[in-house]
Amino acid sequence: MSDKSKKLNTEAYKGVRDFFPADMAVEKSIFSIWRSVAEKYGYEEYGASVLEPAELYRAKSGEEMVNEQTYTFIDRGDREVTLRPEMTPTVARMVAAKKRELTFPLRWYSIPNLFRYEQPQRGRVREHWQLNVDIFGVNSINAEIELISIAYDIMRAYGLKDTDFEIRINNRKLMNYITRDVFGLDEATAQKVSKLIDKKDKMKPDDFTVALMDIIKPTIQDAAKFESVFDSFLTVLNSKNFEEFTSHLPQTKEEHVGLKEVRETIAGLEKLGITNVRFDQTLMRGFDYYTGVVFEVFDLNPANRRSVFGGGRYDDLLALFGNEKVSGVGFGAGDVIARDIMETYKTLPATSAPADIAICVVGEQNIAYSLDVAQGLRAKSTRVSVDLSGKKLGDQIGNADKRGILKVICIGDEEVKTGKLRVKDLKSGNEEDIDTGSL
RNA sequence: GUGGCUAUGGUGUAAUGGUUAGCACUCGGCUCUGUGAAAGCCGCAGUAUGGGUUCGAAUCCCAUUAGUCACCCCA
């Protein structure tokens with residue numbers, strides 16, 4: 001008698017995915033796009049364990065992030081362990097460990113699975129795979145240009161046209177300059193403002209204005225001064241393009257380095273034929289470790305209003321490990337959004353059959369012979385699946401067809417005796433003699 | 001973590017608190033034991049889980065689990 005309460009649930013753990021063969025085929029095609037583009041640019045693949053000591057993330061992300069957003073537990077040896085929520089600290093650790101024996105610039109990529117303890121919803125899961133591409137040891141914005149053009153090539157490989165997506169860039173140096181130097185906000189206020197700017201696109205303009213006022217007002221006593229600071233700040237933030245934005249900044253003899261970097265990055269990409277790049281002064285990115293250019297790639301289709309890629313320059317990260325500075329620029333691209341995009345644009349490759357030829361066996365006594373024939377074919381790199389079901393021949397052929405296998409060879413007493421085999425093409429129905437001697 | 005919405009065979013769906021929970025696809029078997037795709041017949045399989053209200057619950061209520069949306073957070 002069956003006890004319902006004792007049955008195990010077939011569902012995957014909350015927020016993680018099973019990859020059945022059809023899903024895995026999609027996943028593999030995404031990975032293969034990632035790999036081929038990264039390798040075309042001369043990047044080498046590396047890997048690491050999903051387990052990291054919790055302090056690796058504490059150092060940079062703070063208690064709250066580690067406690068509430070990660071899978072963290074105590075192992076049997078009383079060590080605090082975290083399932084990696086991102087790859088950058090790991091790669092920084094690896095690079096720092098071997099810094100003296102590595103040849104810079106270093107071009108590395110990886111496709112790690114990452115974990116975060118969050119409320120799952122569409123496009124947001126607890127375990128996902130992410131392409132991470134990083135270049136270390138290049139101080140010029142040529143690194144940014146290279147990374148962004150990799151991201152661009154991947155978008156094209158997903159099957160999108162230039163007009164389907166947009167690359168948005170900003171520069172941390174610029175925002176720091178504006179909030180601190182130009183408008184004189186203190187560190188804490190600047191921080192709050194940054195967080196707010198990050199959400200600007202999601203808010204109604206009026207709500208944003210009010211929220212911004214609430215943050216800035218308490219820090220400026222003089223009402224008249226506040227009025228003028230606030231208005232010009234708002235004007236800067238609402239600039240429609242790079243030229244307008246620049247014109248609102250105080251003119252000095254030398255162009256600010258942040259502006260220069262953005263200008264040169266856009267120009268550099270343009271020379272490579274990448275023209276769908278847009279300056280966006282509201283682009284912030286959550287990470288504290290970014291120090292220069294930051295960028296994101298967006299699908300313009302309203303179905304996928306999330307960033308497809310995100311990255312930037314982090315020049316100080318390796319200092320955490322006591323090393324002298326090594327500059328880094330990197331980005332991440334998730335598999336979930338990649339899948340959504342390729343579904344939206346219907347660019348997913350057709351699923352391929354699990355084998356090139358199916359061998360249908362009539363009579364159990366002929367299986368040994370069939371296996372031998374299969375080995376001969378496999379030696380020539382043909383993918384062969386031998387039907388071991390013992391079903392009727394018609395069913396075996398039907399099954400091969402259902403799996404998308406295009407050709408079958410039927411083997412029974414007759415074939416074993418004469419050694420003459422015929423290949424049947426399931427599309428045309430034609431049969432063709434093949435020479436077993438050549439197998 | 002907070003709030004809203006949702007949950008019926010493997011899949012998609014139907015059923016004013018009142019028959020044996022219906023249909024399609026899929027799957028298995030057969031018509032048809034050495035040649036598939038068609039057609040027909042037969043069959044397997046379900047009210048997410050645990051409670052409650054009621055003479056009676058897929059239907060109403062509560063909790064749990066999961067999905068989804070918004071918030072939080074965004075790596």
Side-chain angles (χ1 to χ4, degrees), chain A residues 3-17 20 22 52 56-57 60-62 64-71 82-92 112-130 132 194-195 198-199 202-203 284-290 294 296 306-307 309-312 314 317 330-334 336-337 358-364 366 387 389-417 422-431:
Chain A
D3 187 352
K4 266 190 178 175
S5 66
K6 281 186 180 163
K7 272 189 199 159
L8 287 172
N9 198 329
T10 57
E11 278 172 8
Y13 169 74
K14 183 184 173 88
V16 308
R17 295 163 291 164
F20 287 92
E52 286 282 5
L56 181 63
Y57 307 103
K60 180 186 60 69
S61 320
E64 193 186 321
M65 185 87 92
V66 176
N67 291 341
E68 290 172 23
Q69 306 264 225
T70 65
Y71 281 90
T82 296
L83 264 51
R84 63 180 173 210
E86 56 160 326
M87 201 57 172
T88 306
T90 299
V91 69
N113 52 338
L114 307 174
F115 300 83
R116 50 189 169 196
Y117 194 86
E118 276 192 312
Q119 203 63 262
Q121 47 185 269
R122 182 177 171 75
R124 193 174 185 175
V125 289
R126 289 183 166 182
E127 181 192 22
H128 72 119
W129 272 258
Q130 189 182 69
N132 270 254
S194 295
K195 294 245 172 197
D198 201 24
K199 287 192 214 168
K202 282 189 182 176
M203 302 174 74
M284 299 307 293
R285 309 249 344 121
F287 283 136
D288 288 340
Y289 55 66
Y290 287 123
V294 290
E296 290 188 5
R306 276 172 299 139
S307 91
F309 290 77
Y314 46 92
L317 198 54
F331 71 77
V336 180
I337 181 83
I359 296 184
C360 303
V361 189
V362 182
E364 214 172 317
N366 297 320
D387 194 317
S389 68
K391 288 188 182 175
K392 287 185 289 189
L393 182 59
D395 289 338
Q396 294 189 32
I397 294 173
N399 282 337
D401 189 37
K402 203 155 56 185
R403 282 174 222 207
I405 299 171
L406 297 175
K407 293 178 175 175
V408 298
I409 297 174
C410 299
I411 296 180
D413 294 340
E414 187 74 7
E415 284 77 9
V416 172
K417 206 160 81 188
R422 283 179 303 166
V423 177
K424 176 166 184 164
D425 184 317
L426 291 184
K427 247 200 185 121
S428 64
N430 296 335
E431 290 193 79

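Quick note on labels: first sequence line is chain A, next is B, and so on, each numbered from 1. Values below: all heavy atoms of this structure, side chains included; hydrogens, waters and symmetry mates excluded.
- Across B:rA70 and B:rU19, the matching C1' atoms stand 44 Å from one another, rounded to whole Å.
- The CD atom of A:Glu431 sits 7.0 Å away from the SG atom of A:Cys410 when rounded to the nearest 0.5 Å.
- Considering only heavy atoms from C-beta on, A:Val294 stays 4.5 Å or farther from A:Phe331 through its side chain.
- With rounding to whole Å, A:His128 atom NE2 is found 10 Å from B:rC74 atom C1'.
- The base of B:rG1 does not come close enough to the side chain of A:Glu118 for any donor and acceptor atom to sit less than 3.5 Å apart.
- Between A:Asn430 and A:Tyr290, the residue whose closest nucleotide on RNA chain B is further toward the 5' end is A:Asn430.
- For the pair A:Leu393 CG and B:rG34 P, the computed distance is 7 Å after rounding to whole Å.
- Seen from the ring of A:Tyr117, A:Arg126 counts as a face-on cation partner, given the 6.0 Å and 45° thresholds.
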* **Summary of protein contacts for nucleotides 26-32 of chain B, nucleotide by nucleotide, where a base hit scores B, a sugar-phosphate-only hit scores S (4.0 Å, heavy atoms)** => -SSSSSS

* Reading RNA chain B 5' to 3', what string of ( ), [ ], | and . shows its pairs, if Watson-Crick and G-U wobble pairs count only when both distances fall under 3.5 Å? -> (((((((..((((....[...)))).(((((.......)))))....(((((..]....))))))))))))....

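- Not one N or O on the side chain of A:Glu364 forms a donor-acceptor pair closer than 3.5 Å with the backbone of A:Gly390.
- The C1' atoms of B:rA21 and B:rA58 are separated by 8 Å, rounded to the nearest whole Å.
- Distance CG (A:Leu426) to P (B:rA38): 14 Å, rounded to an integer number of Å.
- One C1' atom belongs to B:rA48, the other to B:rG43, and the distance between them is 26 Å to the nearest Å.
- Here B:rA37 presents its C1' atom at 10 Å from NZ of A:Lys424, a figure rounded to the nearest Å.
- Atoms CD and CD1, on A:Glu415 and A:Ile409 in that order, are 10.0 Å from each other to the nearest 0.5 Å.
- Here the P atom of nucleotide B:rC74 and the CD atom of A:Gln130 are 16 Å apart, to the nearest Å.
- In terms of modelled atom types and a separation under 3.5 Å, the side chain of A:Arg285 and the main chain of A:Asp198 share no donor-acceptor contact.
- For the C1' atoms, the distance from B:rU2 to B:rC55 is 41 Å, rounded to whole Å.
- When the P atom is compared between B:rU68 and B:rG28, the two are found 30 Å apart, to the nearest whole Å.
- The interatomic distance linking A:Tyr57 (OH) with B:rC73 (C1') rounds to 18 Å, in whole Å.
- Spacing between atom CZ of A:Phe20 and atom P of B:rG10 amounts to 13 Å, rounded to whole angstrom units.
- Comparing the C1' positions of B:rC42 and B:rG4 gives a spacing of 47 Å, expressed to the nearest Å.
- Between A:Glu127 and A:Tyr71, every side-chain heavy-atom pair lies at or beyond the 4.5 Å cut-off.
- Contact of the A:Ile359 side chain with the A:Gln396 side chain is not registered, since no non-hydrogen atoms from C-beta on lie closer than 4.5 Å.
- By the side chain to side chain contact (heavy atoms under 4.5 Å, CB included) test, A:Ser194 is found to be paired with A:Met284, residues two or more places apart in sequence or in another chain being considered.
- A:Lys195 has a side-chain polar atom (N or O) that falls below the 4.0 Å cut-off from OP1 or OP2 of B:rC74.
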Please list each protein N or O that sits under 3.5 Å from an N or O in nucleotides 65-69 of chain B, with the distance.
| unit_1 | atom_1 | unit_2 | atom_2 | d |
| --- | --- | --- | --- | --- |
| B:rG67 | OP1 | A:Gly15 | N | 3.1 |
| B:rC69 | OP2 | A:Arg122 | N | 2.3 |

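- The side chain to side chain donor-acceptor pair (under 3.5 Å) contacts involving residues 399-410 of chain A comprise nothing, where partners must be two or more places apart or lie in separate chains.
- Regarding A:Glu431, its CD atom lies at a distance of 12 Å from the C1' atom of B:rG36, rounded to whole Å.
- The separation of B:rU16 from B:rU54, taken at their P atoms, amounts to 24 Å, rounded to a whole angstrom.
- Remark: A:Cys410 in residues 403-410 of chain A come within less than 4.0 Å of RNA chain B through at least one heavy atom.
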